[in-house]
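The structure presented is a predicted model; accordingly, all values stated were derived computationally and were not measured. Naming convention: chains lettered A, B, ... in sequence-line order (proteins, then strands); numbering from 1 in each chain.
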Amino acid sequence: MATLTSLAVEAPSTQEHVSERTPTARRAVRRRPRWALWTALIVLGLFAFLPVYWLAVTSVTPERDAFTFPPRLFPSTVTFEHYLAVFQTPAIFEYLRNSIVVSTITAVLSVAVSMYMGYAFSKFRFRGRKSLMYFVLSSQMFPQALLLVTLYVVFAQAGLLNTYQSLVISFTTFTLPLCVWMLKGFFDTLPDDLIEAAKIDGAGPWRTFHSVILPLAAPGLVAAGLFAFVRGWNDFMFALTLAGPEKQTLPPGLVNTYVSEAATAWPELMAASLLVSIPVCAAFILLQRYLVGGITAGAVKG
Amino acid sequence: MTTTTIGRRQKKPHSSNVRAARLSEVRFIVLLLLPGTALLVGVVLYPLLRSLASAFFAESLLYPGATWVGLQNVIDVLQDGFAELLSQTLIFTIGATIVPFIVGLALALVLNEQFRGQRFLRGAFLIPWLIPGVVVSFLWMWIFDANYGVLNGVLMQLHLIDTPIAWLFNTDTARGALIIAKSWNSFPWVMVMLLAALQTVPGELHEAAAMDGAGPIRRFFAVTWPHIAGVAGLVILLEFIWNFQHFDTIFVLTGGGPAGTTQTFATEVYDTAFKGYDLGHAGALGLLWMGLLLILVVVYVRFSERGEK
């Protein structure tokens, strides 16, 4: 973690060196084989983007073109019938509603819980701080399939199977390490003087946190919330097992609706897949400004 | 008399104020930490310990009650194809760690060069990582499809294969197919991490090495690698830990098949608990799994502690 945060600090110093380059040295470095660069870029680009192309193209390929062999890399005509078919499947809207409800509540709860924890880790020194931080960090390294076994039994006993609660409780907990770390990083950048100043002005610790610190950390709260949202949106294993048919979210819902051993409706599934991916990509575009934060937080991602 | 009382009176409120202030700060910190800690204990620590404890009981998901059986479950699991399960898990884990590392490193080096459109490409190459895991599984299932799959189509038109291959249903190809699908999903993360690390390589070192006549490959090992080795180690370790417990891609793409050759700890524990309803053996598998994972987590903690110094 620390190594990565220091990267961002060190980065500007390299730019100073750039200006000191002597012309001869610059030429020496420039004499790199550009063709190697372009070849590598094309090969890697094909690996990365051909599947994306296939996802998009299949979703607009007419049925008769999709189920021919060898497959047509370019469809004879472009059709949006598969998207229409997805929108005419009532079950999809139920899954969509469940996904939105679960992910949104997860995001709100996760931020609400992790902001307090991140603040405590950032601005206070207390006994057991380090141990607790390591506990938070390592909690996401435990195998979730194993946790799921007991959680299923516990939620069954509590009558929470097939409810939003079981998913929201699980997802909120699993996003904590990432969100706590992100928010701790944000609070670290705020000067301690702010707290002192608020104290001198007579504000209690809660007031200081809620009306002085939190407004300044708003971008961090949004970023953490979006990450938590995406975690809930993308989850498959817990949603598949705990949610039951009625509260199922989109990922297991799509498997149930489209994937079958006999005949999978590929073009329709690709259309639905693309639609499911859009909110995630949109969230990330919104997050791009915090990409550096995302990278460092990525090191603790589960 | 009067002076001492006054003195005491003046002193007493002061010291109790300090103590009260300290007490209220302790209470404040405890309250800050309470909800998060409660969730982690209730949803991670307790389930983990209870799952592990069930290793020592004959316990079913269908009926209540548990009977103590000692180490019998662990012995059963160890004797029932544990070596295969471990080696299959390791094959997937190592493959799905190395492939994205190589692709991500190559891409980071390419995108670290100055050229037009480099900024845009840095963003575009993130797409495979942004796509939800299940969609990644669907997409590769379709690409690997035996009847209409595009991979078979392209390979046959290039005359690399004569007949279509059922990539996901063939014991020779299923593991490789899984590794490719998972790698496609995770290489952008490696790329982002290594690109950040590459920013720390001082430009003048490259210049000096180039003036001394070192070629690009030589310069990579002599100049670049020492600067990014720390982050690279962290990336490999984390990828390894995550892949060691990866579930989604395997479950959707092959479901552990064909003939159980792609089962890993994650899918085996899941199947034992939710398809075999056998919590005892699932717990025993989990116990062995956790033991191995714990070694990795200790390494990770050591690693990040070292980085902090």
Please report the shortest heavy-atom distance between B:Phe274 and A:Val149, naming the atom on each side.
CZ-CA, 3.9 Å

I want to check something: taking the side chain as every heavy atom from C-beta on, are A:Pro143 and B:Val269 in contact at a cut-off of under 4.5 Å?
no

Would you check if B:Leu49 and A:Thr150 make a side-chain contact, meaning some heavy-atom pair closer than 4.5 Å?
no

With a 4.5 Å cut-off on side-chain heavy atoms, are B:Trp142 and A:Met270 touching?
yes

Exercise: identify the closest heavy-atom pair between A:Asn234 and B:Val134
O-CG2, 4.3 Å

Grab the two heavy atoms, one from A:Leu44 and one from B:Phe125, that are nearest each other, plus how far apart they are.
O-CE2, 3.8 Å

Measure the shortest side-chain to side-chain distance between A:Thr264 and B:Met141 over non-hydrogen atoms and say whether it is less than 4.5 angstrom.
no

Under 4.5 Å heavy-atom distance to chain A, tell me which part of B:Leu48 shows up: side chain, backbone, both or neither.
both

Give me the atom names and distance for the closest heavy-atom approach of B:Ile131 to A:Ser277.
CG2-OG, 4.0 Å

Validation row, ring centre B:Phe28 to ring centre A:Phe124 under 6.0 Å
yes

Side chain to side chain contact (heavy atoms under 4.5 Å, CB included) between B:Thr249 and A:Phe236, worked out
CA-CA 10 Å; B:Thr249 315; A:Phe236 173 71; over 6 Å; no

Take A:Leu240 and B:Tyr270, measure what side chain to side chain contact (heavy atoms under 4.5 Å, CB included) needs, and give me the verdict at the end.
CA-CA 12 Å; A:Leu240 174 76; B:Tyr270 189 92; 3.5 Å; yes

Got A:Met115 and B:Leu32 here, is their nearest side-chain heavy-atom distance under 4.5 Å?
no

Compare every heavy atom of A:Phe69 with every heavy atom of B:Gly149, then report the nearest pair and how far apart it is.
O-CE1, 3.7 Å

Are the side chains of B:Leu121 and A:Leu41 in touch, meaning some heavy atoms are under 4.5 Å apart?
yes

Would you mind checking which part of A:Val180 comes under 4.5 Å of any heavy atom in chain B, side chain (CB onward), backbone (N, CA, C, O), both or neither?
neither

Can you find a heavy atom in the side chain of A:Tyr119 that is under 4.5 Å from one in the side chain of B:Ile29?
no

Rounded to the nearest 0.5 Å, what's the gap from CG on B:Leu126 to CZ on A:Phe284? Could you check?
5.5 Å

Kindly compute the distance separating CD1 (B:Ile127) from SG (A:Cys281), expressed to the nearest 0.5 Å.
6.5 Å

Nearest heavy-atom pair of B:Gly153 and A:Pro70: which atoms, and what distance?
CA-CB, 4.4 Å

Which one, A:Ser170, A:Ala120, A:Pro51, A:Ser110, leads in non-hydrogen pairs under 4.5 Å with chain B?
A:Pro51

Supply the atom-to-atom distance A:Met237 CE to B:Phe251 CZ, rounded to the nearest 0.5 angstrom.
10.0 Å

Taking side-chain contact (heavy atoms from CB on, under 4.5 Å) as the definition, give me every residue that meets it alongside B:Asn185, ordered by chain and number, with sequence neighbours left out.
B:Val136

B:Phe138-A:Tyr258 aromatic ring centre distance below 6.0 Å
no

Partner set under side-chain contact (heavy atoms from CB on, under 4.5 Å) for B:Val43, not counting sequence neighbours:
A:Leu151, A:Ile169, A:Thr173, A:Phe174, B:Leu39

Side chains of A:Phe126 and B:Leu33 in contact at under 4.5 Å (non-hydrogen atoms)
yes

